[in-house]
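Below you'll find the structure, written out as structure tokens, and then a few comments.
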Amino acid sequence: MKFLWNLAKKNLSRSRIRTSVSIVAIAFAILAVVFARGLINGMLESFFENHIHYKAGHIRVIDEEYKLKERLMSLNYTLDGFNGKGYSEMIEKIKSVEGVEQVVPRLKFGAIVSLEDELVGMMGWGVDPLEEIKFMGIDKNITEGRMVQEGNKEVVMGAGLLEKIGREVGEKVTILYTTPFGSFKGSTFQIVGKYQSDIQVMSDKLFFLPLGQAQRILEMPGEVTELLLITSNHDKAASVLPGLNELFSQEDESGKYTLQIWNKGYDLIELFDFAVKMYNSIYIFIIILSCFVLVNTLIMIINERTREIGMMSALGLKSREILYLFTMEGAIIGILGSALGTVLGGILTRVFSVVGIDYSAAYEGIESTDFLMSPIYYTVFSLENLVFCFVLGVVITTIACVIPARKAAKLEPTEALRQI
Amino acid sequence: MALLELNKVKKIYQQGKIEVPALRGIDLTVEQGEFTTIFGPSGSGKTTLLNMIGCLDTPTEGEIRLNDKKVSDLSRKELAMTRRYNIGFVFQSYNLIPVLTAYENVEFAIRLTDHTSESQMKEKVLKMLAEVGLKGLESRRPNELSGGEKQRVAIARALVKEPKLVLADEPTANLDSETAAGVVDIMRKMNKELNTTFIFSTHDPMVMKYANRFINLKDGMISADERRG
């Protein structure tokens, strides 16, 4: 078979232009797939990271009812620990479950700031500053001032929010809010930091205050709205669930708490799951489209070389060997095209993994806290992507080549030899 | 034992609803070492007969035995293997592979059958090319060779695997008379030296001059079968 492989290689030099066109067609398709996968992976990674940081953790513990009222930032369905013993004890018990590396408490509530002629809506997050620094690296996003400290009556506000309310770091701000008991209250805080987020809605609406302060002003001692559980890897978070379920079945007598893994029960995440499957079909479709050029080339080659096929049959080549010869000719084009496309796609992906693609204009005006997309996408350059696309290209093109190659293999030698 | 036996071989082609008989019952025996020409007017069935003998096609009726093995009802794969090991072909239009050199074209045939070492294979190919007078032209591609040289490469390709039978379909039709004489000379030489059986289809009187058996085909039947010398 080695000599047939060598012949297949040599045959490609018969019409260099035709071979080159086929290689370029495959290369373009693979380049597009490498780049598209890199971009989609970049978008997803960015979205998943934001989703985990701002919303879900790897696993979230919430009140079953809170899930339904979350958009309203309800304070009526909170976590007050197992059987009302406070969230701190609950955290300690959760931390004892194997696989749980960190537990981040948050108390989320709605608030407003009153300006002369306008009320500015905000999201207040009562947080444990040290846990947030460890989890989100929030201190890196504070472009001015510092993170809040537990015990102090201070806030860190989003850069957009500060601009909107016309305040600066170092100044004071009076925040208005409603307690779970319906009292409308106001508290004044020192602004100690400016938080810069690339997600517009977070920059424009979010402020952080120490968890103790949030509990104090909202009259919710020992309560939080959610606990975010962090494991070693979000993709393996599901493996921690059995241990947690066991703990909750033992400790949560009321059964009011629910464990929500990061990729289940969130509409957008499930939509992305579906989208990824769809994108995979699109990648295959793109390569199949490019294969039409290759199949067409092979059909031309076979038509031109019909007599030669007859001669080879006369020499005693079996149908299987003729099939192999022509499949290999196509496969070599597929390999070269896939290799070229992979290299070019890799270069393009690498470049955009550094410079990014700015989508901010498209996201202007989106205020949903569900849509946690960063406005600049960075493609993901990974060896896995390159290998996947190369192999996919070679496999699909080789399979496509079998169609015309079968035509060659099925030719009757006498018919083939008669061909002019 | 005869090398080749054809008993009442018929070949009918179906053209739509019409049956076109190409061979109407051929009885033929060819002994090892014969140098036979098949001649006859166009449409007399020469090529069809060569195709049957060469295991490129199977008869509609009748029996073909090659080397005492019935080949007329073999499968496609078995026919290919029979061709590979027993039959060499020389075509009117040479049918060399243009991307291969003269050496590689000849090597192509031997690689299918010979599983000896690379060095022995190389020696065989070079020897065969030298036998047909192509020493020094081994590395030339077909487009760098004359018509006569191409046909010599084709002959070397047919003979290098040492088949029992070589079939040549009008091998001199595309050659001038002097070149044709050279090519036939080589085949005659091989016939004598290797005792290879040659069967030609030809119109060329010069080829016929060298033959020792003449089979005249007419309307798909043998109208004359003469031996000479």
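A, B, ... follow the sequence lines: proteins, then strands. Residue 1 opens every chain.
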I'd like to know whether [atom1] of [X] has more than 12 heavy-atom contacts from other residues, nucleotides or ligands below 6.0 angstrom.
X	atom1	value
A:Arg406	CZ	no
B:Lys8	NZ	no
A:Leu271	CG	yes

Is B:Pro98 close to chain A through its backbone or its side chain, or both, or neither, when contacts mean heavy atoms under 4.5 Å? both
Tell me, side chain or backbone of B:Glu107 under 4.5 Å from chain A's heavy atoms, or both, or neither? neither
Chain B contact via A:Ser313 - which portion, at a heavy-atom distance below 4.5 Å: both
Enter the distance from [X]:[atom1] to [Y]:[atom2] here, rounded to the nearest 0.5 Å.
X	Y	atom1	atom2	result
A:Arg307	B:Asn95	CZ	CG	4.5 Å
B:Leu50	A:Leu417	CG	CG	11.5 Å
A:Thr414	B:Met52	OG1	CE	7.5 Å
A:Leu4	B:Leu112	CG	CG	7.0 Å

For B:Ile97 and A:Arg14 the tightest heavy-atom approach is CG2-NH2, 3.4 Å
Side-chain contact test, heavy atoms from C-beta onward, threshold under 4.5 Å: evaluate it for B:Phe108 versus A:Leu315 and give yes or no. yes
Does any pair with a residue in residues 76-88 of chain B pass salt bridge (charged side-chain N to carboxylate O under 4.0 Å, His left out), and if so which ones, sequence neighbours excluded? A:Glu321-B:Arg84, A:Glu412-B:Arg76
Ordered numerically, the heavy-atom neighbours of chain A under 4.5 Å found in residues 149-158 of chain B are B:Arg157
Give me the contact list for residues 53-69 of chain B versus chain A, heavy atoms only, anything under 4.5 Å, ordered by residue number. B:Leu56, B:Asp57
Among residues two or more places apart or on two chains, list those pairs meeting side-chain hydrogen bond (donor to acceptor under 3.5 Å, both in side chains) that have a residue in residues 339-350 of chain A. A:Arg350-A:Ser353
Please walk me through it: do A:Lys10 and B:Leu100 pass side chain to side chain contact (heavy atoms under 4.5 Å, CB included)? CA-CA 8 Å; A:Lys10 287 185 176 177; B:Leu100 301 183; 3.7 Å; yes
If you count heavy-atom pairs under 4.5 Å between each of A:Met312, A:Lys2, A:Lys318 and chain B, which one has the most? A:Lys318
Tell me, with the steps shown, if A:Met311 and B:Phe91 meet side chain to side chain contact (heavy atoms under 4.5 Å, CB included). CA-CA 9 Å; A:Met311 177 275 292; B:Phe91 302 97; 3.8 Å; yes
